[in-house]
Every structure is written in structure tokens, then in C-alpha cells.
Amino acid sequence: MPPKIRDYGPDDAASWLRCRLLSFFTTEYYDDVYTRRPTYDLPSVQLVADDGGTVVGLLDVAIDGVSSTIESVAVHPDHARSGIASRLLAAALPRLTGARTLDAWTRGDEAANAWYLARGFRENHRYLHVYADDREDDGELAGFAAPEPLSTPLFAFTHARIEHEEAMRRQYRRIHVCRQYLMDLPTS
């Protein structure tokens, strides 16, 4: 029997965190770790795929007027490529009342990018996630400063425009292209 798609409930918190962590672990978002499930100030759709009381898939969408954003979508690795993410999306779409667009952000993982395209999203925007650490420049994080009495930063996560990709790749070891996917939603 396939997992049941239902609304997230407070008792799902620990299982939700495990599912998200394990699903992100083998992707370029491996360090986007939550230690608590996020809450949303905006209206939202929060769904899970429940397999006997265990969350094996999740989808959170925040709705901001006519725009909506997938905040998290994840499927436990033991259930990957079984259609759970597509079922979650199909269950969420009718609930996005008033929204005219749905966007999502991802990096270079082929499966994630292919999934968005196959579901009717189109790539709308790209920029860079640039990670710098003190190993880049013999113990100093070149180009970064902190106010006294703090030391020079040991680590930085920054954004850069896509047209600077070549220069960023020459200077830093860890660069990810971050893509925004966008879907136009039917209006009623």
C-alpha cells in the first residue's frame, strides 16, 4: 500500500526532520540541515507522506499573496523515485488558492532538476552559492573581515551573480549554481 498523503501534524516533527536530513544528505544541499522544523508566518500548505506512522516524504509551500514557494520537498532515500514527491505536489496544487505562481529553488542535482522540469516548471533564474573557508588562503579568509574583537571569519556562505561563475570557480573550491524554477498556476 502506498504511503498516505496527509497534512503535517505536530507529532510528525522528529520523523519530518529525519526524512529531510536523509533525503538531502546525498545532494548538493547536504549541509542545509535543520535541527527544528521551521514554522511559517505566511499561509502555508504542509503535507507529509505517511508510511505506517513514519514520514517518508514531505512538502511545505508558503503562500505570499499571488506567489507561492516550495520551502522544502524531500523523499526518504528508501522511497526515492516511487512517485511520492509527485503525489505531494499534486495534493498541494489545489490548495494554493489565490496564488498565480509556484517557485522552487534547487542546485545542480540532476534528479531534482529533471523532476521540476517534468512537472511543468521552467527555469526562471540562476545565481551562485559560494562557500569560502580559511583553507582557501593559508588560514586567512581573504576578502572577509569582522568587527573587533572578533577574528577574521573562518567560513562564509555568499551569493554571486551567475556571470561571475568562472572567476568564482578560480578563487573558491565550492560553488553551486542555484536555480529558480517557476510554474504558472491556473487562475479561477
Not counting sequence neighbours, which residues clear salt bridge (charged side-chain N to carboxylate O under 4.0 Å, His left out) with [X]? List them please.
X      : result
Arg87  : none
Arg18  : none
Glu163 : Arg161
Asp32  : Arg20

Residue pairs, two or more places apart or on separate chains, that pass ring-ring contact (aromatic ring centres under 6.0 Å, His included) and touch residues 99-120: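 ring-ring contact (aromatic ring centres under 6.0 Å, His included) check on residues 99-120 returns Trp105-Tyr127, Tyr116-Phe121, Tyr116-Tyr181.
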
How would you list, by chain and number, every residue that makes a side chain to side chain contact (heavy atoms under 4.5 Å, CB included) with [X], sequence neighbours excluded?
X      : answer
Arg36  : none
Asp109 : Thr27, Glu28, Ala112
Ala80  : none
Asp31  : Arg107, Tyr131, Arg174

Where at least one partner belongs to residues 45-61, residue pairs that pass side-chain hydrogen bond (donor to acceptor under 3.5 Å, both in side chains), sequence neighbours excluded: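 side-chain hydrogen bond (donor to acceptor under 3.5 Å, both in side chains) check on residues 45-61 returns Arg6-Asp50, Arg37-Gln46, Arg37-Asp60, Tyr40-Asp60, Ser44-Gln46.
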
CA sep, side-chain torsions, deciding dist, call: Val61, Leu102, side-chain contact (heavy atoms from CB on, under 4.5 Å): CA-CA 9 Å; Val61 180; Leu102 174 61; 3.7 Å; yes

Salt bridge (Lys or Arg N to Asp or Glu O under 4.0 Å) partners of residues 148-160, not counting sequence neighbours, each pair once: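 Sorted pair list comes back empty.
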
Pairwise salt bridge (Lys or Arg N to Asp or Glu O under 4.0 Å) hits with a residue in residues 119-131, at least two apart: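 Matches after skipping sequence neighbours: Arg122-Asp184, Glu123-Arg126, Glu123-Arg179.
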
Nearest heavy-atom neighbours spanning Ser151 and Ala146: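 Closest approach of Ser151 to Ala146: O-CB, 3.3 Å.
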
Side chain Ser68, main chain Arg100, donor-acceptor under 3.5 Å: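 Not confirmed, Ser68 side chain does not pair with Arg100 backbone.
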
Neighbour count above 12 (heavy atom, 6.0 Å) for Tyr34 OH: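 Count over threshold, so yes.
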
side-chain contact (heavy atoms from CB on, under 4.5 Å) between Ser67 and Asp103, intermediate numbers included: CA-CA 8 Å; Ser67 302; Asp103 76 348; over 6 Å; no

